[in-house]
Protein chains: 2
Amino acid sequence: MGMIGDEDHDSRVLSISEFVAVLCLCIVAGHLLEEHRWLNESIIAILIGWITGAVVLLLSKGKKSHILRFNEEVFFIYILPPIIFNAGFQVKKKEFFRNFFTIMLFGVIGVFISFVIISAGTWWLFPKIGFHGLGIEDYLALGTIFSSTDTICTLQVLHQDETPLLYSLVFGEGVVNDATSVVLFNAIQKIDASHMDSHKALSVLKDFLYLFSTSTILGVAAGLLTAYALRALYFGRHSTDREIALMVLMAYLSYMLAEILQLSGILTVFFCGIVMSHYAWYNVTEKSRITTRHTFATLSFIAETFIFLYVGMDALDLEKWKMTKTNTQTSFGIYSSVMFLTLLGRAAFVFPLSALSNYMSSDAGKSLITIKHQIVIWWAGLMRGAVSIALAFKQFTSSGVAWNPVNATMITSTVVVVLFSTLVFGILTKPLIDHLLPPHAQEHQNNKHEMNNSPRDELNLPLLSRDDSWPTGILKAKHSLTMLLERPAHTIHYYWRKFDDAHMRPVFGGPNPSSLSN
Amino acid sequence: MGMIGDEDHDSRVLSISEFVAVLCLCIVAGHLLEEHRWLNESIIAILIGWITGAVVLLLSKGKKSHILRFNEEVFFIYILPPIIFNAGFQVKKKEFFRNFFTIMLFGVIGVFISFVIISAGTWWLFPKIGFHGLGIEDYLALGTIFSSTDTICTLQVLHQDETPLLYSLVFGEGVVNDATSVVLFNAIQKIDASHMDSHKALSVLKDFLYLFSTSTILGVAAGLLTAYALRALYFGRHSTDREIALMVLMAYLSYMLAEILQLSGILTVFFCGIVMSHYAWYNVTEKSRITTRHTFATLSFIAETFIFLYVGMDALDLEKWKMTKTNTQTSFGIYSSVMFLTLLGRAAFVFPLSALSNYMSSDAGKSLITIKHQIVIWWAGLMRGAVSIALAFKQFTSSGVAWNPVNATMITSTVVVVLFSTLVFGILTKPLIDHLLPPHAQEHQNNKHEMNNSPRDELNLPLLSRDDSWPTGILKAKHSLTMLLERPAHTIHYYWRKFDDAHMRPVFGGPNPSSLSN
């Protein structure tokens, strides 16, 4: 009916409809090509975006390739929160908490290492290949932009049941990495980067740690409050809708609160998601459980598809390409140095930190993360995705438009790196993993061996079984002490489980609350 | 983190957060007061909105009472579609289709009667009580604004299992009525109302019928397309998320398409909802069924609460009250004449049309809609709600601000009528219905009697049971002919059911497709 008859409104309605129609097309194509050897969801969305962009470009006679103009406010307020919340919500808590230490090593320390290598590398290489004009703060931003990984491609290939450890590491690192990159990016924005010294670097670190911890606390608090309210008031008695509405609204509120308090909404909403699925989820009716799980997954799925579609369209944005003014050689120099630095930056932390994690988790030097696993982890994080694009737009554009050739070059370079890594590395992922971890063969064995098939393992990992009949008293204390010295990571997890079962779950909810309170 | 640091963005984030927090408060209060005798969800939301408005008014020292400024574009693009779609999706199809004829009588013809009475009545009464300045198009708009009912209050009191006929009539009329009001409102906007004659009136009717039929066809087509795609491709094989995403996106797309084609999105999305729940819903996995049902219900629930909250806050908008410039006596004259006309306009169609429906549906003059039921139906539609507010804002404001005293008076009058009818009539609803239909007593019997307890009824209503072993051949044809002459409404339903089972369900999906195709 065109309820609001102005021109602006009508064209917006038209653009949104076109975008929604293309999204539907992506969903159908994604379904039809699900079992395709080389393709995956992200690649399909990029390709469809590309084709759509080409059609729009032809229809508009070269004027534009976008149905919608990217707006990083929309991205950070509406698109990213559901993705990150869902990541926290769907994470396999048992695996996540068990490997918490390793995930944090990769997701936090790893990003720092990668950030330093990419920042220093681009700062050193760009002038050498004839690209000038970036300030020190731009190089620092580049470090965070290209440290944020996109593990969706790899996760679509890995099987959670066959390789639970590997899956949980790749998944866990993926989300913590996103949050770390955004927090680090923002910490850098705050400092006056023109006079950089060790004191400044320390202040970035301090800022980062402050943001990281306060944001986490806020997210956990919001999740616990929701869990407590749902448990104490038992909403399901009257209405399933209220439970679902409360979970959704509280999650969104935690994100908004973090933004208002100048914290990291991403990190807050991630931990809010973890806490909600760990406690609150058990306090709602069965129907609400199914609904929330699938609603959050669907929202996240739509948001991700949306982003890859956009990236595909953006690749054909002629304005940016025209504005670039960089010659082909320099351009390829930029692309290849960034790609090389991301490969290097990732190798520089995956292998050493895996070794460290193995050392910390194992008493006899037994490798828990095998070399093959390490290669998969390294590979999984080579793809760059939505967060890189969004951060690049934030750093180098104003409302989606690059205002000088240097900035335009950085945007096109980011788009090229995202496209290249997603398409080329993405297509190689399935064959690579099939080669490294032949399905249902040695890997399956490996995994079983690692998990709980060996009696010796079972003895050392009592924390893995919920209802373990562990010897009590002094013997237990003695053993715990030995474990703390030998395997700090697992021991922390062990004590956390004990604390959780004894004090948290009875208050905030969890599986079998009756068996715990009796 | 304040990703986008400008003032405008920050204050928007703050307002949204406050609104979300108040929404959460409403949900908790609604839950705690669920079993309260007088209150219901809408009233609680209005009261909390009122209190919030008062607090905002105090804190801003009388400057404003709103957290957010109402924008009818937001209402018609984001708030109303989920409410109407959900109404279509949750409608009990069996009851809805069985009473389709009566529902359409009330929801379409009824709105026309009410519209004529209210338009003519205000046109005749307003100058008499000293209120001038409205044009003929404003009086016509008032007719549609106050013909749109809000049956939520009554539905919260009625029991679907105890009085299925009554429930389905009130519910069905409620949604068809909303759609009809909006379509009629838009049909009136199009005509040049200054030279009104019978020819013009006929053209409004023609416009209305065109909009009504094309919008319905578009909605049905979108729903059938979704159903067919879901059935033919069987998305659930790979991913539940895709099914859910496709249903949500297609529903939204149908709404947007209708807007682009200058049709009624409301009507389109309503019929899309009906068709999706009648066919598409059976083609998805069990998990998707639960998820979609509850997701749509929750979205609708949040949207409704949002609106009543806003109405509560709007009641304290001092600017509008100051601008009104109407003396107290005239104001009360306006309020009471509008209230009187809505009472009259509704009585003028509920009782005659009920009689007509009873005559059409019954062969022996047996009253299917009892007098008590008719009173409840009349009462149920006395409350005015969100659609009235939105239409009034559309007619009398520009971007939420009334630009002259006459318009400001119409807005404040609408708010007063909505508040008064929702609060006073709403509070009386429970006692009234308890008095007219004592729970578990005579009403329960009545209902059983009406439904299928009498063997004679069973004979005349074979269409109600799915697997009826009806005598075939000539006997059947003869009986059908008799039925068509005697009970046209039920007979249409009977043939629709036959057609649906034989031709539609095998293609588009439905319960037990296997038993139908075999």
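Note that the structure is predicted; figures quoted are calculated from it, not measured. Order of the sequence lines sets the chain letters (A, B, ...), proteins ahead of strands, with each chain counted from 1.
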Distance from [X] atom [atom1] to [Y] atom [atom2], nearest 0.5 Å?
| X | Y | atom1 | atom2 | value |
| --- | --- | --- | --- | --- |
| Arg293(A) | Thr240(B) | CZ | OG1 | 12.5 Å |
| His294(B) | His294(A) | NE2 | NE2 | 12.0 Å |
| Thr291(B) | Arg289(A) | OG1 | CZ | 14.0 Å |
| Cys24(B) | Leu253(A) | SG | CG | 5.5 Å |
| Ile290(A) | Ser288(B) | CD1 | OG | 10.5 Å |
| Thr298(A) | Leu246(B) | OG1 | CG | 11.0 Å |

Portion of Ile302(B) that has a non-hydrogen atom of chain A nearer than 4.5 angstrom: side chain

If one checks every heavy atom of Ile266(B) against chain A at 4.5 Å, the contacting part turns out to be neither

For the pair His31(B) (side chain) and Arg242(A) (backbone), establish whether a donor and an acceptor sit closer than 3.5 Å, ignoring hydrogens and angles. no

From CA spacing to verdict: side-chain contact (heavy atoms from CB on, under 4.5 Å), Ile16(B), Met256(A): CA-CA 8 Å; Ile16(B) 296 176; Met256(A) 296 298 249; 3.6 Å; yes

Can you tell which part of Val28(A) gets under 4.5 Å to a heavy atom of chain B, answering side chain, backbone, both or neither? both

Under 4.5 Å from any heavy atom of chain B - which part of Leu299(A): neither

